[in-house]
Number of protein chains: 2
Amino acid sequence: MANQLSHLDQVFAALADPTRRAIVMRLCAGEASVGELAEPFEMALPSFMKHIHVLELSGLVQSEKSGRVRTCRLSPEALVGAEDWFQHQRAIWEARLDRFEAYVIKLKKERAAAKRPSKATDKTTNKPGKRKGTE
Amino acid sequence: MANQLSHLDQVFAALADPTRRAIVMRLCAGEASVGELAEPFEMALPSFMKHIHVLELSGLVQSEKSGRVRTCRLSPEALVGAEDWFQHQRAIWEARLDRFEAYVIKLKKERAAAKRPSKATDKTTNKPGKRKGTE
DNA sequence: TAATTGGTTAGCCATGTAGCTAACTATAGG
DNA sequence: CCTATAGTTAGCTACATGGCTAACCAATTA
């Protein structure tokens, strides 16, 4: 688990660079050689290779050399692991928001009941990010 | 859009550090002062403050000072933006995998039909990451 | 076998990042 | 008013990162 966490370090660090994100996006559409991947970038090959290397270390990309051409492909497990982290965090703060919302609603109800025992339907609590299945 | 992308740089870079990830996780559970946040870490305050600053620049965290205590809270929009990036990439490569799988199945069907017109139920195509609703 | 192509290694440089200490500001409490 | 508390600013060091050039394999291909 701690191992997995330090792996997240590398995955997020890898994705923090626009060049590397572009490479990942490109590889989502299918495997490609280093040369093909490098072509859209105005960058010397050795510099570009460093990015590939970082992506490989992070586990996001695998590559294999046959003949003199190295073919790269995405290995989605790392990507999925990072996405899981987000979903986990989101679950936590959405749970908290739900509790908070419930609390606010309860509060409003009580205040309404105390002051004016009618018309307790207020809509001030718009949660910012309720998206898809919170699970 | 390009603006949003360069913002992703900062968000991912912010999350590439275990200290900062821990801060974000902590803030998912509710807001806290700088001192409270810093307490679990064996780190000098100025060093810790740098992490807070990075998180603020990335848009993941907002803070506000009242009196002599600065209270930090999560601002989930940035987190959600990063999560969206993952989901978008996943949608792309899952679509590709689906296409590939369909192709393989078609291929197998054709081969089976050509060689032995029976027993065409093979299960070599296990997609690694079919998770939840692809949308 | 000689030349080209595709990648790799080595090494340099500028900048950024993570940590520290020391000294400072400003509020809260006595 | 004095002291302790909570952050903040300034400035330092060490190391990581992103880029470059130059030179170097190793497969194709002519």
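Bear in mind the structure is a predicted one, so any value in this text is a computation, not a measurement. Numbered from 1 within each chain, the chains take letters A, B, ... in sequence-line order.
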Within the 4.5 Å heavy-atom criterion, are [X] and [Y] side-chain neighbours or not?
X       : Y       : value
A:Leu15 : B:Leu15 : no
B:Leu60 : B:Gln10 : no
A:Trp93 : B:Leu79 : yes
B:Met25 : A:Ile92 : no
A:Leu27 : A:Cys72 : yes
A:Val54 : A:Lys50 : no

Query raised in the report: Can you pull the salt bridge (Lys or Arg N to Asp or Glu O under 4.0 Å) pairs that have at least one residue in residues 53-64 of chain A, sequence neighbours excluded?
Result: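 Those involving residues 53-64 of chain A are A:Glu64-A:Arg73.
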**Report entry** B:Ser47 side chain near C:dA18 phosphate (N/O to OP1/OP2, under 4.0 Å)
**Finding:**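 No, B:Ser47 has no side-chain N/O under 4.0 Å of OP1/OP2 on C:dA18.
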Requested in this report: Mind listing the residues from residues 28-41 of chain B sitting with a heavy atom below 4.0 Å of DNA chain C? Number order is fine.
Outcome: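 Under 4.0 Å from DNA chain C: no residue of residues 28-41 of chain B.
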Query - Within residues 48-67 of chain B, residues whose heavy atoms come under 4.0 Å of DNA chain C - result: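 By residue number: B:Lys50, B:His51, B:Gly67.
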Query raised in the report: To the nearest Å, how far apart are B:Arg68 CZ and C:dC24 C1'?
Result: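 Taking CZ of B:Arg68 and C1' of C:dC24, I get 16 Å after rounding.
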Report task. Could you check A:Ala13 against B:Leu45 and say which one's nearest nucleotide on DNA chain D is further toward the 5' end? Result ->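 Per heavy-atom nearest nucleotide, the more 5' residue is B:Leu45.
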Query raised in the report: Can A:Leu55 be reached from A:Val80 by stepping across I, L, V, M, F, W or Y side chains whose heavy atoms are under 4.5 Å apart?
Result: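 Both belong to a single hydrophobic cluster.
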Query raised in the report: First and last nucleotide of DNA chain D touching chain A, 5' to 3', heavy-atom cut-off 4.0 Å?
Result: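 With heavy atoms of chain A under 4.0 Å away, the range is D:dG18 to D:dT28.
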**Report entry** side-chain contact (heavy atoms from CB on, under 4.5 Å) involving B:Met43 - partner list, sequence neighbours excluded
**Finding:**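 side-chain contact (heavy atoms from CB on, under 4.5 Å) list for B:Met43, sorted by chain: B:Thr19, B:Phe41, B:Ser47, B:Phe48, B:His51.
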Query raised in the report: Tell me the side-chain hydrogen bond (donor to acceptor under 3.5 Å, both in side chains) pairs involving residues 35-44 of chain B, sequence neighbours left out?
Result: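 Every pair satisfying side-chain hydrogen bond (donor to acceptor under 3.5 Å, both in side chains) with a residue in residues 35-44 of chain B: there are none.
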